[in-house]
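Everything below concerns the one structure shown next.
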Amino acid sequence: MTSPAITFSDDQAQAWDNVALILRQAGVDLDGDLLQPPQTDASDVMAVIGKAGSGKTMLLAALYRALEQAGVDIVSGDYESKKRTNRRTLAILAPTNKAASVLRNRGVPATTIHRILYTPVYDPEYERVAEWLAGQGERPEIEGLTDLSLDRAAASYELHKSIPAALAAAGLRGSDFITGWKRREEPLDIGFVDESSMLDEKQFQDLREIFPTLLLFGDPAQLPPVQSSGGMVFETLPASRVQTLSRIHRQDADNPILDLAHALADPMLDFYHFERMVADAAARDERVVMAQRVESDLMARSPVLVWTNKTRIRLIHAFRAAFNAPSDSLLEGEPLICDGIELPMKHRKKRLDLEARGLIKGAQVVYLGPGKRPGFSRLHVIGALDPQMSAASIVKIEHEGDEEPFIPFAAKMGATFLHGAAVTIHKAQGSQWDTVQVFAPDIEMASRMGRVEAGQPLWKRLAYVAITRAETQLRWVVRNRLGKPETPVLRVDDLQSGPAPLVLQAEATDD
């Protein structure tokens, strides 16, 4: 085996060798950096699983770099060129925008599953520009585009490696380039799926139809999908097709957040002993905080993680009160969570437009103000490649009990949203934030109920998922209190508009 530039642990090296074998059968020889026809027509699925810190992402990134070096074409959410004869393709996927953005921040060109299930229809003229920028065609001559415009596009692409950004530099809108979307007809070759513990059976089957070679990366200690039968898709694979990473790597060994997560595996540990461990960690390391209250300023970008909807709703109303939000409208900067898209079948194309832009169920969104038309909102989709859009919106702010939700405004149809200042731990899976606030009284309540899920106390699974959402700091909130904001106004100036204008004019949703 040609060793990558990084040093693998024994279990990573074993996983690499086994993955390399199925890639060789798919026509990619990592040993010789060679591409060849697939050696079999049979499909193959393999899973690489392990708890937080076991090196799954390190392995995924190393495999991506090796495949790219071997000449495999990378299919991303940016641009997809026409498949070339005797070439292999790779797409790296995640179930949510946030999970995909975590990979992109680490140099891995990930996109969402939705973005691969549905493929864009390009304008032929501007597709020639994209092929040229990607090094797969001659410099084009197109009416309306000057040599100076093309030079600007080439300079932008050299800097950003982004087709949309390059077209914007040439003075083109995304809607000039992409004319529509359709369900993918032609399969790709190789698919990597991160956070595969979140996959449901339908998504798994869709991916198997597209990718003859499918590699799943997942954490067996996370919570299974809410609508699943209780398990994760990689648990259905034969033992020979599952590679388990068990070693916690040296660079993570001094991370108190991961230490707490792995301590939950001790069967003798109860909630109260665990909370004392959190207090001890907080006394030693500023990356763990025993917080006496929820910090309202953090909730606008990093939702409080809770177990029950009852707690979630209470915290949302406390957050709105802290910022003096009016009872009949939203404030600019309020966080939202997409709860789906309500459009009839005749508007299927418009649904695909929004989903391809990253507005899928579970997407974290910031409200930027009303759109130009009644019922429309200007939105920033966190983690999307091109995050800002305007779309017909139905916003629901729930009340406790059976009281009907408060709806500050609503289009006749469009994307539906719940408030996002607090979210359940189930819905937080796949996301990571720099600082995470975990509402410990909820987890204590779960421990008192004594519920067990997949052979593990539910409170431990909840705590594990919540803790591992934190990248830099974990705030373990022990009291049912909310701190006043440091500034009375929610921020939006920290949100970047992204590399390119709208891919599609989403305000057409109301047609």
Side-chain angles (χ1 to χ4, degrees), residues 52 98 254-264 269-325 333-335 337 364 382 419-429 431-448 458-491 494:
K98 196 68 172 65
D254 65 344
N255 186 328
I257 300 172
L258 287 180
D259 289 344
L260 290 170
H262 291 289
L264 291 162
L269 185 70
D270 64 21
F271 174 82
Y272 301 102
H273 282 90
F274 177 72
E275 195 159 65
R276 283 198 290 273
M277 292 180 65
V278 177
D280 291 343
R284 298 190 308 268
D285 197 307
E286 63 183 7
R287 288 174 287 182
V288 178
V289 177
M290 287 289 282
Q292 297 300 309
R293 62 190 181 185
V294 174
E295 295 296 333
S296 52
D297 295 287
L298 288 174
M299 296 170 72
R301 293 292 181 273
S302 177
V304 182
L305 304 188
V306 304
W307 175 37
T308 67
N309 275 316
K310 183 177 180 180
T311 303
R312 179 178 65 87
I313 292 168
R314 285 180 176 176
L315 283 168
I316 286 168
H317 284 280
F319 169 84
R320 300 198 80 235
F323 285 97
N324 298 311
E334 286 198 66
I337 298 290
Q364 186 181 359
I382 301 293
H419 206 278
V423 302
T424 62
I425 294 170
H426 270 95
K427 287 194 174 181
Q429 290 191 116
S431 296
Q432 282 191 306
W433 295 274
D434 182 74
T435 299
V436 164
Q437 301 185 89
V438 180
F439 195 72
D442 253 21
I443 296 178
E444 179 184 13
M445 180 171 60
S447 74
R448 289 181 175 180
L458 176 60
W459 79 264
K460 289 188 174 183
R461 300 194 78 163
L462 291 168
Y464 178 88
V465 172
I467 286 169
T468 54
R469 300 311 91 201
E471 291 184 324
T472 303
Q473 186 182 77
L474 167 68
R475 298 183 67 86
W476 186 262
V477 181
V478 297
R479 301 181 71 182
N480 189 8
R481 289 187 176 182
L482 181 73
K484 292 182 179 180
E486 293 184 5
T487 57
V489 179
L490 290 165
R491 292 183 59 194
D494 59 325

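Fair warning: this is a prediction, and the values are worked out from it, not measured in the lab.
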For residues [X] and [Y], determine if any side-chain heavy atom of one lies less than 4.5 Å from a side-chain heavy atom of the other.
{"X": "Pro303", "Y": "Lys427", "result": "no"}
{"X": "Val288", "Y": "Ile257", "result": "yes"}
{"X": "Ile443", "Y": "Val438", "result": "yes"}
{"X": "Leu264", "Y": "Trp459", "result": "yes"}
{"X": "Leu269", "Y": "Lys460", "result": "yes"}
{"X": "Trp476", "Y": "Leu260", "result": "no"}
{"X": "Leu474", "Y": "Val289", "result": "no"}
{"X": "Gln364", "Y": "Trp433", "result": "yes"}

Indicate yes or no for a side-chain donor-acceptor contact from [X] to the backbone of [Y] under 3.5 Å, with no hydrogens or angles considered.
{"X": "His262", "Y": "Ala52", "result": "yes"}
{"X": "Glu295", "Y": "Gly483", "result": "no"}
{"X": "Ser302", "Y": "Met299", "result": "no"}

Evaluation steps, side chain to side chain contact (heavy atoms under 4.5 Å, CB included), between Arg448 and Phe271
CA-CA 9 Å; Arg448 289 181 175 180; Phe271 174 82; over 6 Å; no
Give me the atom names and distance for the closest heavy-atom approach of [X] to [Y].
{"X": "Ala300", "Y": "Pro335", "result": "O-CB, 3.5 Å"}
{"X": "Arg293", "Y": "Leu482", "result": "CB-N, 4.4 Å"}
{"X": "Val478", "Y": "Ala440", "result": "CA-CB, 4.4 Å"}
{"X": "Ala261", "Y": "Ile467", "result": "CB-CG2, 4.1 Å"}
{"X": "Met445", "Y": "Thr308", "result": "CE-CG2, 3.6 Å"}
{"X": "Ala422", "Y": "Leu315", "result": "CB-CB, 4.1 Å"}

Kindly indicate, with the supporting measurements, whether the criterion side chain to side chain contact (heavy atoms under 4.5 Å, CB included) is fulfilled by Phe319 and Val304.
CA-CA 10 Å; Phe319 169 84; Val304 182; over 6 Å; no
Looking just at side-chain N and O atoms, do His273 and Arg276 make a donor-acceptor pair shorter than 3.5 Å?
yes
Rounded distance [0.5 Å steps], [atom1] in [X] versus [atom2] in [Y]:
{"X": "Ile425", "Y": "Arg312", "atom1": "CD1", "atom2": "CZ", "value": "13.0 Å"}
{"X": "Arg491", "Y": "Arg301", "atom1": "CZ", "atom2": "CZ", "value": "7.5 Å"}
{"X": "Gln473", "Y": "Glu286", "atom1": "CD", "atom2": "CD", "value": "7.5 Å"}
{"X": "Asp259", "Y": "Arg284", "atom1": "CG", "atom2": "CZ", "value": "8.0 Å"}
{"X": "Glu471", "Y": "Ser431", "atom1": "CD", "atom2": "OG", "value": "10.5 Å"}
{"X": "Leu462", "Y": "Glu444", "atom1": "CG", "atom2": "CD", "value": "13.5 Å"}

Arg287 atom CZ, neighbour heavy-atom count above 12 within 6.0 Å
yes
Other residues, nucleotides, ligands: >12 heavy atoms within 6.0 Å of Asp297 CG:
yes
